[in-house]
Trainee: 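What follows is a single structure, and I will ask about it in a moment.
Just so you know, these numbers use all the heavy atoms, side chains as well, and skip hydrogens, waters and symmetry mates. Numbering of residues begins at 1 and proceeds along the displayed sequence. If you're wondering where the values come from, they're calculated on a predicted model, not measured in any experiment.
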Amino acid sequence: MGEDDSWVVRVTDEDIRAAKADWERARDAGADPRRVAGLHDDLRRLVGAQAQQLADEFRRRRAG
C-alpha cells in the first residue's frame, strides 16, 4: 500500500458474493429493472476493483 492507506478499500470475496446475491434476489423477484441494472453495475464494479487490487498486489510482490 501507499503512504496514506486511510482511503484504501479492500474488496473481499464475501463482498462479491453479497453483491451477487443482492442482484440475483432483485432479478428473480422481478424488481424494478433500474434497480436490477444498478445492482448488476455495482457487482461489475466490485469485480473490476478486486481484479485491479489483485493485479496491484502481484506487481508489488514482483517488484519487491
Trainee: Using a strict threshold of under 4.0 Å (side-chain N to carboxylate O), is an ion pair present between Asp56 and Arg59?
Mentor: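 So Arg59 pairs with Asp56 through a salt bridge.
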Trainee: So which heavy atom on Ala26 is nearest to which on Leu39, and how close?
Mentor: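 Heavy-atom minimum between the residues: CB-CD1, 3.5 Å.
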Trainee: In terms of heavy-atom contacts, does CZ of Arg62 have more than 12 from other residues, nucleotides or ligands at under 6.0 Å?
Mentor: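 No, because the 6.0 Å sphere around CZ of Arg62 holds 12 heavy atoms or fewer from other groups.
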Trainee: Let me confirm one number: the CD-CG distance from Gln50 to Leu46, rounded to the nearest 0.5 Å.
Mentor: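 One gets 8.5 Å once the value is rounded to the nearest 0.5 Å.
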Trainee: Just how far is it from atom CG of Asp42 to atom CG of Asp15, taken to the nearest 0.5 Å?
Mentor: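 It is 12.0 Å, given to the nearest 0.5 Å.
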Trainee: List the atom of Ala19, the atom of Leu43, and the distance in Å for their closest heavy-atom pair.
Mentor: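 Scanning both residues completely, I find the closest heavy atoms to be CB-CD1, 4.1 Å.
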Trainee: Once ring pair (Phe, Tyr, Trp, His ring centres under 6.0 Å) is applied, what residue pairs with a partner in residues 9-31 remain, sequence neighbours excluded?
Mentor: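 Residue pairs passing ring pair (Phe, Tyr, Trp, His ring centres under 6.0 Å), neighbours aside: Trp23-His40.
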Trainee: If you measure from CZ on Arg27 to CG on Asp22, what distance do you get to the nearest 0.5 Å?
Mentor: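 Between Arg27 CZ and Asp22 CG, I get 12.5 Å after rounding to 0.5 Å.
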Trainee: So, taking the atom named CZ in Arg25 and the one named NZ in Lys20, what distance separates them when rounded to the nearest 0.5 Å?
Mentor: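 NZ of Lys20 is found 12.5 Å from CZ of Arg25.
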Trainee: Could you check whether any side-chain N or O of Asp41 sits under 3.5 Å from a backbone N or O of Gly38, counting only pairs where one atom can act as donor and the other as acceptor?
Mentor: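 Not a single qualifying donor-acceptor pair exists.
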Trainee: Decide if atom CZ of Arg61 counts as having more than 12 heavy atoms of other residues, nucleotides or ligands within a radius under 6.0 Å.
Mentor: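 Result for CZ/Arg61: open.
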